[in-house]
Structure formats: C-alpha cells, structure tokens
2 protein chains.
Amino acid sequence: MVNTISHIHCQNCSMAPLCLPKNLSEGDMARLDTIIQRHKPLHKKDLLVTADAPLRYLYAVRSGSLKSYTLDDHGVEQIIDFHLPGDLVGFDALATGRHRSFTQALETTMLCEIPLNSLDDLSAEMPVLRRELMSMMSSELYTSKQLLGSLNNRAADARLAHFLLGLSQRFADRGLSGKSFRLSMTRADIGNYIGLSVETISRILSRLQHENVLLVENKLVEILAMDRLERLAG
Amino acid sequence: MVNTISHIHCQNCSMAPLCLPKNLSEGDMARLDTIIQRHKPLHKKDLLVTADAPLRYLYAVRSGSLKSYTLDDHGVEQIIDFHLPGDLVGFDALATGRHRSFTQALETTMLCEIPLNSLDDLSAEMPVLRRELMSMMSSELYTSKQLLGSLNNRAADARLAHFLLGLSQRFADRGLSGKSFRLSMTRADIGNYIGLSVETISRILSRLQHENVLLVENKLVEILAMDRLERLAG
DNA sequence: CGGAGCCTTGATGACGTTCAAATCGTGTGG
DNA sequence: CCACACGATTTGAACGTCATCAAGGCTCCG
C-alpha cells in the first residue's frame with residue numbers, strides 16, 4: 001500500500017478522485033501535475049504552516065492527518081479543522097495572503113505542495129480547475145456553517161455523535177472503512193473542537209461503549225450501531 | 001440617502017467598496033456592471049432562495065438584511081448566517097449547483113442579481129475578479145471557522161459579546177455607526193445562531209444594560225463601554 | 001524500566017435550559 | 001384612529017447537564 005517515493009503524480013495518486021484534480025481531463029491533470037511539488041514528510045507534532053506566515057502554497061494531504069488551530073488572546077489553542085488525505089490546506093489564507101492559523105501533523109504525514117501563483121495562472125486557462133477550486137471552497141464553507149449550527153444547539157452526546165459520523169463519512173469517501181477507524185487526534189483535541197471537556201468526551205465514549213453503540217479501544221473506534229449513532233446526532 | 005431606483009450601477013453604489021467590485025479598475029467594474037441585474041425588493045419574511053433550488057445567481061445585498069438557515073430532520077430552523085449590505089449570498093451553493101439553505105429577508109431588502117454563468121466567463125478574463133471571488137469566499141470561510149472556535153468553548157455572555165462586536169465591526173466597515181445600531185433579527189434568531197435560549201439572550205442583555213455596558217431599547221443597541229464588551233468576548 | 005502524556009472515573013457545583021406567566025410592541029382590521 | 005390580537009420579550013423558579021477539581025491507571029517511547 002506504500003506509494004513509491006520516487007515519482008508521485010496526480011495521475012497515479014490514489015487520492016486524485018477526491019482531491020483538486022478530481023474532475024479534470026487527462027490533459028488538464030497532466031498540466032496541473034507539472035506545477036505540483038512534493039513536500040518533505042512531516043512527523044507527529046511538526047508544524048506545516050504558522051499563523052502570519054505568507055501564503056505561498058496550498059497543500060494537499062496525501063496521507064496522514066493534521067489539525068489547524070488558532071491561538072486566542074490568552075494563548076489558548078482553538079482547533080478549527082482536522083485534515084485528512086485528499087483535503088486542501090490553506091483556503092482560509094487566500095483573503096489576506098497570510099496564513100491565519102497553525103497547522104500541525106497529528107501523525108506522519110505526506111503532502112503535495114501547490115504554488116499559488118502557478119495555480120492562479122492555470123485557473124485562468126482551465127475553467128474546470130477554476131470551478132473545482134470554487135467548489136472545494138464552497139463545500140468547506142457549507143460544512144463549516146453546518147457544523148456551527150449542528151454543534152451550537154445540541155447536547156454533548158449529539159455533538160460527539162455528529163463528530164464521529166462526520167469522520168466516518170470522510171473515511172468512507174476515501175475508500176476506507178467508515179465503520180472502523182483510528183482517531184489520530186487526542187480526546188482533548190476532540191473536546192476542544194466540538195466544545196466539550198476531555199472528561200465529557202471520555203465519559204460519553206464509555207457510555208456509548210456500554211450501550212453497544214461503539215467499540216472503543218484507545219485510538220481505535222468501531223461503530224457497532226450506525227443507526228443509533230445517527231439518531232443520537234439528531 | 002435613498003438611492004434613485006431608476007439606474008443602479010456598481011459605479012455609483014455606495015456598497016461597491018465592500019462588495020465584489022471593490023478592487024476592480026474602472027473598466028473592469030463597468031464590465032461587471034453590464035452583467036448585474038436588479039432584483040425586485042423583498043419585504044420582511046420574503047424568501048430570496050429556497051434550499052434545493054438550482055443556483056443561477058449570486059446575490060449582493062444593497063440594503064436591508066437577511067438570514068440564511070437550514071432545516072434539520074425535525075424541521076427545526078438552524079440559522080447559519082446573517083447578511084448585511086455588501087455581502088454576497090450563495091457561495092455555499094457553488095459546490096452542488098443547488099442552494100443548501102433558505103434565505104429570508106429580515107426587513108425590506110434591496111439586492112443585485114449576478115448571473116453565475118456570466119460571472120464565470122468574466123472571471124476567466126479578469127484575474128482581479130477571480131481573485132476577489134476567492135478572497136471573499138476565503139474570508140467567509142475564516143470567519144465561519146473562527147466563529148466555531150469562539151463560540152463553542154465560551155460562556156453565554158462571551159458568546160453574545162462576540163456576536164455584538166461582530167455586528168458592530170460590520171456596521172463600522174459599512175460606514176455606519178459601530179456603537180449604535182439596530183438588530184434586525186429577533187432575540188430568538190440571535191439565540192439560535194449562537195446556541196443559547198431566547199431567555200438567556202434577554203437576561204444577558206438586561207444584565208449588560210444594568211452594568212452600563214450597553215443601552216438596549218427594543219431592537220436598538222448602543223455600546224457604552226466597548227472595552228468592557230471586548231474583555232467579555234475574551 | 002521509567003516517565004510523561006493521555007485517558008478514565010468519581011464527586012461537587014455553577015451555568016444555562018426549560019417551564020410558566022406577565023408585559024410590551026407591532027401591525028391589522030374595523 | 002383605536003382596539004385587539006399575536007408575536008416578541010422579559011422575568012422568575014426549578015431542574016439538569018456539563019465543567020471543574022481530584023486522583024488513579026494506562027500506554028507508548030525513549
């Protein structure tokens with residue numbers, strides 16, 4: 001399952017159907033491929049981008065995962081996103097030309113690097129690419145607003161259920177199991193993201209395990225009763 | 001202060017510095033202007049777009065205000081956005097080509113209608129317009145994610161303070177008073193949006209009034225102590 | 001094998017929801 | 001123009017949920 005390091009191209013990348021090139025013709029994909037570079041692998045806790053750093057590249061996740069977060073006035077971390085393979089990192093920086101958040105690897109992570117200037121040039125010539133970029137931002141926008149609504153008004157177990165189902169769906173989209181997966185982030189990260197304390201996350205996971213909705217073993221989660229989890233998420 | 005109805009053009013629209021044309025040259029603005037149409041005025045409670053309806057136009061708010069919301073499985077309204085003059089409505093629909101939410105006028109509202117096909121064509125030829133579109137989406141994305149973080153982990157009064165400061169800033173950006181403004185949405189709308197009950201909104205407004213941070217008279221709000229409100233928002 | 005970070009579990013209390021009722025404001029129709 | 005009715009807002013009281021504090025156990029790596 002390991003990709004050969006030597007030659008990474010969109011044409012043979014397993015994430016292509018989810019990633020920027022997903023709707024491009026072969027010719028267009030080849031053109032996009034010429035501007036894309038490899039990024040050196042990140043290890044757990046390595047920073048990919050730092051808030052305030054000038055935006056030069058968008059990054060596409062090839063494997064692994066990352067979290068994006070901001071620091072509030074008191075220096076407290078505030079997680080705003082988790083990134084999985086196929087995701088693009090950097091959209092929120094387009095407006096100012098500088099990154100607005102930190103992005104850190106949660107595990108060993110491989111990335112592609114897309115120079116922004118070249119991407120802009122290409123998008124003038126390739127309508128499909130242009131629309132794809134817009135489309136990906138639009139999706140992210142919708143997801144983000146939806147999340148705001150879904151989380152704000154719901155009880156703790158509904159929030160966590162919603163979070164797990166979201167992950168499940170994203171894994172399934174990537175051709176992985178949506179029923180059984182590994183949480184690369186800590187319980188504290190999850191709590192920070194969905195607005196609950198670590199203890200509450202832990203307690204709810206335990207309870208859902210007791211109720212045979214989930215099977216939880218450390219970082220590994222198996223969804224035993226998808227229907228009940230969905231009902232919980234409301 | 002009333003705009004003449006007969007001829008509305010970007011070139012003489014007071015919202016242009018905030019809206020899509022904000023960074024365009026005169027020539028480019030004139031080209032954009034040719035594709036923009038007027039939309040008939042909406043009255044309070046009129047729907048601008050319905051979820052699932054095909055996306056044909058982006059809308060720019062000229063005056064008035066709107067709310068966007070989705071309906072959850074139980075038919076419960078979930079507000080995801082408030083739109084003020086200069087805002088563009090419809091970005092979240094670009095991905096699917098269909099609107100994903102309802103958008104309803106909160107008061108009498110005037111809009112411009114921007115046909116999506118023409119906009120796409122123009123953006124191929126006008127790099128500045130293309131980047132402006134991306135930039136506006138990026139801003140909205142950042143705001144949305146930031147909001148998620150800011151709201152999720154904070155106490156009720158911090159949430160409301162954050163909401164009021166956000167509105168204040170947006171009014172100020174539009175050349176209106178950031179200290180004294182009218183809430184076109186109901187308390188219930190605010191509560192829905194920031195995840196609190198109507199009663200809590202009302203109580204906190206009363207308390208902030210007692211503490212001389214705000215002056216509240218029905219829909220009218222005056223910020224008396226901006227610094228204390230900011231400290232509250234954390 | 002040791003240690004640090006991560007996770008779990010229990011007890012307590014504060015904050016915000018919910019339920020209830022009264023008042024206020026707005027818009028409508030007579 | 002006024003009266004009325006409905007929706008919006010305010011305020012009070014009781015309850016429940018989740019954060020916080022505290023302590024112990026587990027896991028993963030060096």
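Naming: A, B, ... by sequence-line order, numbering from 1 per chain.
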Take the protein atom [atom1] of [X] and the nucleotide atom [atom2] of [N], then report the distance between them rounded to whole Å.
X: B/Leu183; N: D/dT10; atom1: CG; atom2: P; value: 10 Å
X: A/Leu160; N: D/dA19; atom1: CG; atom2: P; value: 12 Å
X: B/Ile194; N: C/dC15; atom1: CD1; atom2: P; value: 17 Å
X: B/Leu214; N: D/dT9; atom1: CG; atom2: C1'; value: 16 Å
X: A/Asp157; N: D/dC18; atom1: CG; atom2: P; value: 7 Å
X: B/Ile190; N: D/dT9; atom1: CD1; atom2: C1'; value: 12 Å
X: B/Arg207; N: C/dG16; atom1: CZ; atom2: P; value: 9 Å
X: B/Asn152; N: D/dC18; atom1: CG; atom2: C1'; value: 14 Å

Open item on the list: So, OP1 or OP2 of D/dA19: does either fall under 4.0 Å of a side-chain N or O from A/Thr200?
Closed with: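 Answer is yes, contact under 4.0 Å.
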Which donor-acceptor pairs under 3.5 Å do the side chains of residues 224-234 of chain A make with protein atoms, sequence neighbours left out?
unit_1, atom_1, unit_2, atom_2, d
A/Arg228, NH1, A/Glu211, O, 3.1
A/Arg228, NH2, A/Glu211, O, 3.0

Open item on the list: Using a 4.0 Å heavy-atom cut-off, does B/Gly195 contact any base of the nucleic acid, only the sugar-phosphate backbone, or nothing at all?
Closed with: sugar-phosphate
Open item on the list: I'd like to know whether B/Met137 forms a side chain to side chain contact (heavy atoms under 4.5 Å, CB included) with B/Leu88, so could you lay out the CA-CA distance, the side-chain angles of the two residues, the decisive distance to 0.1 Å, and finally the verdict.
Closed with: CA-CA 9 Å; B/Met137 291 182 75; B/Leu88 254 52; over 6 Å; no
- [ ] Kindly check if the number of other-residue, nucleotide or ligand heavy atoms within 6.0 Å of CZ (B/Arg170) is above 12?
- [x] yes
TODO: Return yes when atom NZ of B/Lys219 has more than 12 non-hydrogen atoms of other residues, nucleotides or ligands closer than 6.0 Å, and no otherwise.
DONE: yes
- [ ] Note down the inter-axis angle between the two ends of the helix from C/dC1-D/dG30 to C/dG30-D/dC1, five pairs each, to the nearest 10°.
- [x]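 End-to-end axis angle: 50°.
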Locate the shortest heavy-atom distance separating [X] from [Y]; write the atom from each residue and the value.
X: A/Gly90; Y: A/Leu55; answer: O-CD1, 4.2 Å
X: B/Asn218; Y: B/Arg187; answer: O-NH2, 2.9 Å
X: A/Cys112; Y: A/Ile36; answer: CB-CG2, 3.7 Å

Open item on the list: With a 4.0 Å cut-off on N to O distance, would you call B/Lys67 and B/Asp81 a salt bridge?
Closed with: no
TODO: For the pair B/Arg56 and B/Glu113, find out whether any cationic side-chain nitrogen is under 4.0 Å from an anionic carboxylate oxygen.
DONE: no
Could you go over nucleotides 4-8 of chain C and give all protein N or O partners under 3.5 Å, atom names and distances?
unit_1, atom_1, unit_2, atom_2, d
C/dC7, OP1, A/Lys219, NZ, 3.4
C/dC7, OP2, A/Arg187, N, 3.0
C/dT8, OP1, A/Arg187, NH2, 3.3
C/dT8, OP2, A/Arg187, NE, 3.0
C/dT8, OP2, A/Ser202, OG, 2.9
C/dT8, O5', A/Ser202, OG, 3.0

